Engineer: 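There's a structure below that I have some questions on.
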Amino acid sequence: MLDHVSITVSDLARAARFYDSVMAALRVPCVWREPDAIGYGTRNSAEDDSHTYLTIRATGAPIHADRRHWCFRAPDRAAVDAFHTTGLAHGGADDGAPGLRAHYHNHYYAAFLCDPDGNRIEAVYHRAR
């Protein structure tokens, strides 16, 4: 459904440490850096529109975390676990440990973090194994 998303942060250097680690855990490459933004993933084109792209953009102002969240697909359960572990090690806060969430469906395996600005992010793997 989503082509691309931008998440705003108050301190790009701090956010870069966090997002570089969680995106690497999900096997999503960092593809560009500028003084006020970082990009992850693959941009769509006329020949291939099957991707999602993420931009982390500095605002230079405090962020009001209002419980919105972004969920990223993980390639497997181990990547969900790594996302959570590395996110905590790089300034994130736990918002839900890795595990099954059967109230969504029987195989919904996810973890939740808040980034250093309080933005809520999730990694999910939907398959049985």
Side-chain angles (χ1 to χ4, degrees):
M1 177 187 307
L2 296 176
D3 183 84
H4 60 278
V5 172
S6 295
I7 297 175
T8 55
V9 298
S10 62
D11 181 329
L12 191 60
R14 179 181 69 180
R17 290 187 295 275
F18 176 81
Y19 282 99
D20 285 349
S21 72
V22 299
M23 290 294 114
L26 296 176
R27 302 179 201 135
V28 177
C30 178
V31 295
W32 63 270
R33 289 180 192 273
E34 293 181 2
D36 65 344
I38 305 170
Y40 299 91
T42 303
R43 287 190 183 269
N44 286 312
S45 67
E47 296 77 35
D48 183 1
D49 64 353
S50 64
H51 306 284
T52 302
Y53 189 79
L54 173 67
T55 300
I56 305 301
R57 188 165 303 282
T59 65
I63 303 300
H64 174 70
D66 59 5
R67 301 298 292 165
R68 63 185 162 221
H69 91 276
W70 296 269
C71 182
F72 304 108
R73 284 183 298 245
D76 51 42
R77 287 183 180 190
V80 172
D81 296 343
F83 160 90
H84 192 261
T85 299
T86 195
L88 292 175
H90 290 89
D94 176 45
D95 202 34
L100 288 169
R101 268 75 177 178
H103 56 284
Y104 294 124
H105 67 68
N106 288 338
H107 304 297
Y108 195 106
Y109 189 86
F112 296 85
L113 292 166
C114 291
D115 77 6
D117 280 296
N119 291 304
R120 189 170 186 240
I121 63 172
E122 173 186 0
V124 64
Y125 183 69
H126 290 281
R127 297 182 182 209
R129 281 280 170 176

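Because only heavy atoms are used, hydrogens play no part in the values below, and waters and symmetry mates are left out as well, while side chains stay in. As the structure is a prediction and not an experimental result, all values here were calculated from the model. Index from 1, following the sequence.
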Engineer: Restricting to non-hydrogen atoms, name the atom on His51 and the atom on Asn44 that form the minimum distance, rounded to 0.1 Å.
Structural biologist: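 So the two residues come closest at N-OD1, 2.8 Å.
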Engineer: State yes or no: do Leu12 and Val28 share one hydrophobic cluster built from I, L, V, M, F, W and Y residues joined by side-chain heavy-atom distances below 4.5 Å, directly or via other members?
Structural biologist: yes
Engineer: Are Phe72 and Tyr109 linked, directly or through intermediate hydrophobic residues, by side-chain heavy-atom contacts shorter than 4.5 Å (ILVMFWY only)?
Structural biologist: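 Hydrophobic grouping puts Tyr109 apart from Phe72.
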Engineer: For the hydrophobic clusters of this structure (ILVMFWY residues joined by side-chain heavy atoms under 4.5 Å, transitively), does one cluster hold both Ile56 and Val31?
Structural biologist: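 Not linked; separate clusters.
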Engineer: Is Phe18 close to Leu113 at the side-chain level, that is, under 4.5 Å between some pair of heavy atoms?
Structural biologist: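 A side-chain contact exists here, since the closest heavy-atom pair is under 4.5 Å.
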Engineer: Nearest 0.5 Å, what's the CD1-OG1 distance between Ile63 and Thr8?
Structural biologist: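 It is 3.5 Å, given to the nearest 0.5 Å.
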Engineer: Look up atom CG in Asp117 and atom CD1 in Ile7, then write down how far apart they are to the nearest 0.5 Å.
Structural biologist: 10.5 Å
Engineer: Nearest 0.5 Å, please: how far is CG in Asn119 from OH in Tyr19?
Structural biologist: 5.0 Å
Engineer: What closest approach, in Å, do Glu122 and Ala110 show between heavy atoms, and which atom pair accounts for it?
Structural biologist: OE2-CB, 3.5 Å
Engineer: If you take all heavy atoms of Thr86 and Ser21, which pair is closest and at what distance?
Structural biologist: OG1-CB, 3.2 Å
Engineer: Arg27 side chain to Ala25 main-chain N or O, any donor-acceptor pair under 3.5 Å?
Structural biologist: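 It does not hold such a pair.
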Engineer: Membership question, hydrophobic clusters at under 4.5 Å side-chain separation (ILVMFWY): are Phe112 and Leu54 in the same one?
Structural biologist: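 Cluster IDs for Leu54 and Phe112 differ.
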Engineer: For His69, look at atom NE2 and say whether over 12 heavy atoms of other residues, nucleotides or ligands are found less than 6.0 Å away.
Structural biologist: yes
Engineer: If you round to the nearest 0.5 Å, how far is CZ of Arg77 from CZ of Arg129?
Structural biologist: 4.0 Å
Engineer: Are a donor atom and an acceptor atom from the side chains of Asp94 and His84 found within less than 3.5 Å of each other?
Structural biologist: yes
Engineer: Heavy atoms only: give me the nearest Thr59-Ser10 pair and the separation to one decimal.
Structural biologist: OG1-CA, 4.1 Å
Engineer: Do Arg67 and Asp95 have side chains that approach each other closer than 4.5 Å (heavy atoms only, starting at C-beta)?
Structural biologist: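 Yes, at least one pair of side-chain atoms sits under 4.5 Å.
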Engineer: Identify whether the distance between the nearest side-chain nitrogen and carboxylate oxygen of Arg17 and Asp11 falls below 4.0 Å.
Structural biologist: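 No, no charged N to carboxylate O under 4.0 Å.
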Engineer: For a quick test of reading the model, state the closest non-hydrogen atom pair linking Ile38 to Ala16 and the distance between them.
Structural biologist: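 Minimum heavy-atom contact is CD1-CB, 3.4 Å.
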Engineer: For a side-chain hydrogen bond (donor to acceptor under 3.5 Å, both in side chains) with His126, tell me which candidate from Arg73, His107, His105 qualifies.
Structural biologist: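 Checked Arg73, His107, His105 against His126; only one passes side-chain hydrogen bond (donor to acceptor under 3.5 Å, both in side chains): His105.
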Engineer: My understanding is that a hydrophobic cluster links ILVMFWY residues whose side chain heavy atoms are under 4.5 Å apart, including indirect links. Using that, what else belongs to the cluster containing Val124?
Structural biologist: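 Tyr104, Tyr108, listed by chain and number.
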Engineer: Looking at Tyr125, is its backbone amide N or carbonyl O close enough to the side chain of Asp76 to form a donor-acceptor pair, meaning the two atoms are under 3.5 Å apart?
Structural biologist: no
Engineer: Tell me whether the count of non-hydrogen atoms from other residues, nucleotides or ligands lying under 6.0 Å of CZ in Arg68 goes above 12.
Structural biologist: yes
Engineer: Calculate, to the nearest 0.5 Å, the distance between atoms CG and CZ belonging to Asp3 and Arg43 respectively.
Structural biologist: 9.0 Å
Engineer: Can you give me the closest heavy-atom contact between Thr55 and Ala37, atom names plus distance?
Structural biologist: CG2-CB, 4.1 Å
